[in-house]
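One structure is given below, encoded as structure tokens.
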Amino acid sequence: MDNKTPEGDALARSLKPERVALNVLALCFTLALIGRGLGESFTVFLKPISENFGWDRAEVVSVYSLTWLAGGLMAPVVGRLFDRYGPRTVYSVGLLLLGGAFLVASQAQALWQFQFSVGLAVGIGIAFIGNVPNSILLGRWFGPRLPTAMAIVYSATGAGVLVLLPASQLLIDHFGWRGAYQIFGIVALCLLLPLLLLPWRLFSTGSPHIAGKADPDFIDGGWTLASAMRHHAFWALFSTFFFTAVGMYAISAQIVAYLIDAGFPPLQAATAWGFSGIVLLFGMLGVTQLDAMIGRRPSVLLSYAISIVGIILLWLLQFYPNVWLLGAFVVTFGSMIGSRGPLITATAMKIFRGERVGTIFGTVAIGSGLGSGLGAWAGGLIHDWTHSYDPVIAFALVAVVLGMIPFLVVPALRR
């Protein structure tokens, strides 16, 4: 277990808390980059696997859907395990699951084997090294600066896309998709040893300054999961996570395939979408800075408006497949694809803070997992039914608008 101890507090005071906090931030960023990057890499594997086995788009996308569905459903379990056993155990299990899952996937011959390995196992592994444990751990070190810290960690999604999507395409070109999955599995398992050697007692203790400057107005209201679920803010946050994820993943699961079908070469398509990682970092930090300047609600609504512009630009790309329009799409859609995450996370952590915040936030995060899984699967199914991307884009647009509505009408989110 990684419980707080007097020895850990003394060690934390003997070092500069700011330096330790930056190390914790770097760790969370790296783990998020690995997890999200490996999960999103399936968008590059989609076409070669589909062509290898002759499966329909919906069948192959079901693997991607299960990844995020499993991750979302595991979120409250991960939060509970983190509260009980601490970060060392949770993160180690995540890397172990990812390494084993990709090694199994490299030998898969049937759809259910991909669904089990790249779908369920990878999704659960990502949850164990993802936003729920990272949010709780960073909250112990950054306190009121949590939105900024989470913006940096959420931007790891973009960094993972930037690094691992082009890398995935290059590995597939040189070693085939099975060889690429073997390399992913071996690398994930090799990262276990350095992870286990980190100073976890110090990391899990938290900053003495955060503990020493506790909010004088804070009273632990004794939130439980049951009482939180009776509060309107819980379901408002849940629905925002859910509908936004539906809209984003209905598109993102097929972006590389869409760009290839529009006439872009495969490596250019993967690299272009990978560059969303660069603009995502600026989008995350920009929206977080706006939160401090103009307030949370206007910042979130602006991010939704830019996402809607990005979806419209994506629709236009099939008619005007040029680099300038592609760049505009990457900047608008890519910069905002997860920009709301840090602010929504900070809102949930503030409303429900207390001893059981990990379990409560993990349950709220189920909405994101359900939306991601449903959106990716529905997008693939709609494409198979209509043989067109237009209904997929329209479906995503409606879902994103629905995700925005709670910030327009729910009192707890309008403040």
Side-chain angles (χ1 to χ4, degrees), residues 32 35-36 39 64-80 82 119-120 123-124 126-128 130-136 150 153-154 157 223-253 296-297 300-301 303-304 307 336-353 356-379 395-414:
R36 298 293 299 194
Y64 184 82
S65 303
L66 281 172
T67 299
W68 305 116
L69 178 62
L73 293 177
M74 282 298 296
V77 177
V78 173
R80 180 66 178 272
F82 191 101
L120 294 176
I124 295 172
I126 292 171
F128 271 80
N131 289 331
V132 172
N134 288 338
S135 300
I136 303 169
M150 286 307 302
V153 171
Y154 268 75
T157 299
W223 283 107
T224 64
L225 180 58
S227 64
M229 292 179 71
R230 291 193 293 269
H231 196 280
H232 70 275
F234 178 95
W235 294 107
L237 292 166
F238 184 97
S239 63
T240 293
F241 269 132
F242 175 78
F243 285 111
T244 305
V246 167
M248 292 299 179
Y249 279 84
I251 291 176
S252 63
R296 183 149 303 169
R297 180 171 174 263
V300 171
L301 293 178
S303 74
Y304 275 107
S307 292
M336 295 293 118
I337 192 168
S339 61
R340 295 157 288 269
L343 303 186
I344 297 173
T345 297
T347 300
M349 301 286 280
K350 180 179 180 180
I351 293 174
F352 299 112
R353 57 183 173 171
R356 296 179 178 84
V357 66
T359 303
I360 295 170
F361 176 66
T363 307
V364 171
I366 286 179
S368 180
L370 288 174
S372 303
L374 176 62
W377 174 78
F395 172 76
L397 185 61
V398 170
V400 169
V401 171
L402 291 175
M404 178 176 61
I405 287 177
F407 277 90
L408 292 172
V409 301
V410 176
L413 302 189
R414 296 181 63 183

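Sequential numbering from 1 along the given sequence is applied to the chain's residues.
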Response to the item:
On a heavy-atom basis, the closest approach of N134 and A32 is ND2-CB, 3.9 Å

Worksheet item: In chain order, what residues pass the side chain to side chain donor-acceptor pair (under 3.5 Å) check against S368, with sequence neighbours excluded?
Response: none

Fill in: Set of residues satisfying side-chain contact (heavy atoms from CB on, under 4.5 Å) with respect to I405, sequence neighbours excluded
L402, V409

Worksheet item: Do F82 and S135 come within less than 4.5 Å of each other through their side chains, counting heavy atoms only?
Response: no

Item to complete: Grab the two heavy atoms, one from G39 and one from I126, that are nearest each other, plus how far apart they are.
Response: CA-CD1, 3.7 Å

Worksheet, complete the sentence: Smallest heavy-atom separation, M248 atom then M336 atom, equals CE-O, 4.3 Å

Response to the item:
When every non-hydrogen atom of F407 is compared with those of R297, the smallest separation belongs to O-NE, 2.7 Å

Worksheet item: Can you name the residues that form a side-chain contact (heavy atoms from CB on, under 4.5 Å) with V364, not counting sequence neighbours?
Response: F234, L237, F241

Worksheet, complete the sentence: Contacts of A70 meeting side-chain contact (heavy atoms from CB on, under 4.5 Å) (sequence neighbours excluded), chain-then-number -> L120, I124

Fill in: Set of side-chain contact (heavy atoms from CB on, under 4.5 Å) partners for L370, sequence neighbours left out
L69, L73, F238, F242, I366

Worksheet, complete the sentence: V78 and A127 have their tightest heavy-atom pair at CG1-O, 3.6 Å

Practice prompt. With sequence neighbours excluded, give me every side chain to side chain donor-acceptor pair (under 3.5 Å) pair touching residues 241-250.
Written response: R36-Y249, E40-Y249, T244-Y304

Worksheet item: If we only count heavy atoms from C-beta on, is the F395 to V246 side-chain gap below 4.5 Å?
Response: yes

